[in-house]
Amino acid sequence: MASRLTALPNRAIRWLQRSRSVAFEDLRIPPPSMRLGGAHFRDDAVFVESGREDARKLARQLGVDASTSVLDIGCGVGRLAIGLIAEFGEPSKYVGVDVNRTSVEWCQRNLQSRHPNLRFVHLDVANERYNRGGRPIDEAFSLPFETDRFDAIFLYSVFSHMETEDVSAYLREFRRLLRPEGGVFLTAFVEEGVPMMELNPEGYGPLRWTGPLHCVRFSRQHFGAMVAEAGLAVTDFEHGVETDGQSAICLGLGSPA
């Protein structure tokens, strides 16, 4: 199958990818070949349970339930959306965005078409690892949503592949998009006693980091300064508890933890 696919034009390959899905219980999930995040996600039950666990984290940390307005940055092939459906039932207000067009098209065809309260948006901005041909993020960067739109914003292993300027631009947008009592849950490589920002640090974590933006690590002081400059506050910080040693971080408009 792989050799036949490689002989097809890129447009045809994308059409095949976004058309395929797998039935799991009463859910439609992406085929294993589209699931990023490790070989363990090739197991259907593991993939769905990981989405459910993230939904439960959002419930514990930010009070998320089926009625919450959620923005999922770096939604990929809809792992969180699937988890929210499996855990809470039909979400009423969910938007997922990603720089990978094929992933977004899969979600639109296989999730949005079945769950009308889900919306998936392709964000064509540059990322050296995932979307090199996109528009550079600059001072005019904004996400295509109205002010005070979301109760919860979720990013799993997104800032782990962005440098300071891009992280800061997203944080400024989160300040604009969050409702007054809203919050952000994210994971990132954040450590005490390291350089402000370091790309693919040698000997750090469980992997050998290779290629553009495979691992971007920030010092805790520098990350906190970016958050404060955006008008947000770190409300909870758990060091090293997420994938590959990333920290789990909650942000809000209130007082810092």
Show me the donor-acceptor pairs, under 3.5 Å and distance only, between side chains in residues 177-187 and residues at least two apart or in other chains.
| from | atom 1 | to | atom 2 | distance (Å) |
| --- | --- | --- | --- | --- |
| R179 | NE | D148 | O | 3.2 |
| R179 | NE | R149 | O | 3.4 |
| R179 | NH1 | D151 | OD1 | 3.2 |
| R179 | NH1 | D151 | OD2 | 3.2 |
| R179 | NH2 | R149 | O | 3.2 |
| T187 | OG1 | S157 | N | 2.7 |
| T187 | OG1 | Q246 | OE1 | 2.9 |

Subject >> K57 and E238: CA distance, side-chain angles, deciding distance, salt bridge (Lys or Arg N to Asp or Glu O under 4.0 Å) verdict >> reply: CA-CA 13 Å; K57 287 175 190 173; E238 293 184 82; over 6 Å; no
Distance-only, no hydrogens or angles: does the [X] side chain make a donor-acceptor pair with backbone N or O of [Y] under 3.5 Å?
{"X": "Q112", "Y": "C107", "value": "no"}
{"X": "D54", "Y": "L80", "value": "no"}
{"X": "W106", "Y": "R20", "value": "yes"}

I need the [X] [atom1] to [Y] [atom2] distance, nearest 0.5 Å.
{"X": "R28", "Y": "I85", "atom1": "CZ", "atom2": "CD1", "answer": "12.5 Å"}
{"X": "L58", "Y": "F88", "atom1": "CG", "atom2": "CZ", "answer": "7.5 Å"}
{"X": "L111", "Y": "I29", "atom1": "CG", "atom2": "CD1", "answer": "10.5 Å"}
{"X": "S168", "Y": "F141", "atom1": "OG", "atom2": "CZ", "answer": "11.5 Å"}

**OP:** Please list, chain by chain and in numerical order, all residues satisfying side chain to side chain donor-acceptor pair (under 3.5 Å) with D124, sequence neighbours excluded.
**Re:**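 Partners of D124 under the side chain to side chain donor-acceptor pair (under 3.5 Å) test: N131.
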Original post:
Would E53 and R60 satisfy salt bridge (Lys or Arg N to Asp or Glu O under 4.0 Å), going step by step from the backbone distance to the final call?
Top reply: CA-CA 10 Å; E53 176 54 29; R60 292 192 300 269; 3.3 Å; yes
[X] side chain near [Y] side chain, heavy-atom distance below 4.5 Å:
{"X": "R172", "Y": "R176", "result": "no"}
{"X": "N110", "Y": "R114", "result": "yes"}
{"X": "D72", "Y": "L155", "result": "no"}

**OP:** List in chain and number order the residues that pass ring pair (Phe, Tyr, Trp, His ring centres under 6.0 Å) with F120, two or more places apart in sequence or in another chain; answer none if no residue qualifies.
**Re:**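 Partners of F120 by the ring pair (Phe, Tyr, Trp, His ring centres under 6.0 Å) criterion, ordered by chain and then number, come out as Y94.
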**OP:** Apply ring pair (Phe, Tyr, Trp, His ring centres under 6.0 Å) to F47 and list each qualifying residue two or more places apart in sequence or on a separate chain.
**Re:**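 Listed in chain order: F41.
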**OP:** Return the set of residues passing salt bridge (charged side-chain N to carboxylate O under 4.0 Å, His left out) with E49 (not counting sequence neighbours), or none when no residue passes.
**Re:**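 E49 satisfies salt bridge (charged side-chain N to carboxylate O under 4.0 Å, His left out) with R56 only.
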Original post:
How about R208: does its CZ atom have over 12 heavy atoms from other parts shown lying under 6.0 Å from it?
Top reply: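 Incorrect, the count does not exceed 12.
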Subject >> E90 atom CD: more than 12 heavy-atom contacts under 6.0 Å >> reply: yes
What pairs of donor and acceptor atoms, side-chain ones from residues 188-201 against any protein atom, are under 3.5 angstrom apart with sequence neighbours left out?
| from | atom 1 | to | atom 2 | distance (Å) |
| --- | --- | --- | --- | --- |
| E191 | OE1 | H239 | NE2 | 2.6 |
| E191 | OE2 | Y204 | OH | 2.6 |
| E191 | OE2 | H239 | NE2 | 3.2 |
| E198 | OE1 | R217 | NH2 | 2.5 |
| N200 | OD1 | H214 | N | 3.3 |
| N200 | OD1 | C215 | N | 2.9 |
| N200 | ND2 | G211 | O | 2.8 |

Original post:
How far apart are the C-alpha atoms of L213 and M162, what are their side-chain angles, what is the distance that settles it, and do they pass the side chain to side chain contact (heavy atoms under 4.5 Å, CB included) test?
Top reply: CA-CA 7 Å; L213 304 179; M162 287 186 187; over 6 Å; no
Original post:
Do the two ring centres, one from F159 and one from F218, sit under 6.0 Å apart?
Top reply: no
Original post:
Is a salt bridge present between R35 and D44, judged by a nitrogen-to-oxygen distance below 4.0 Å?
Top reply: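 A salt bridge is present here (some side-chain N lies under 4.0 Å from a carboxylate O).
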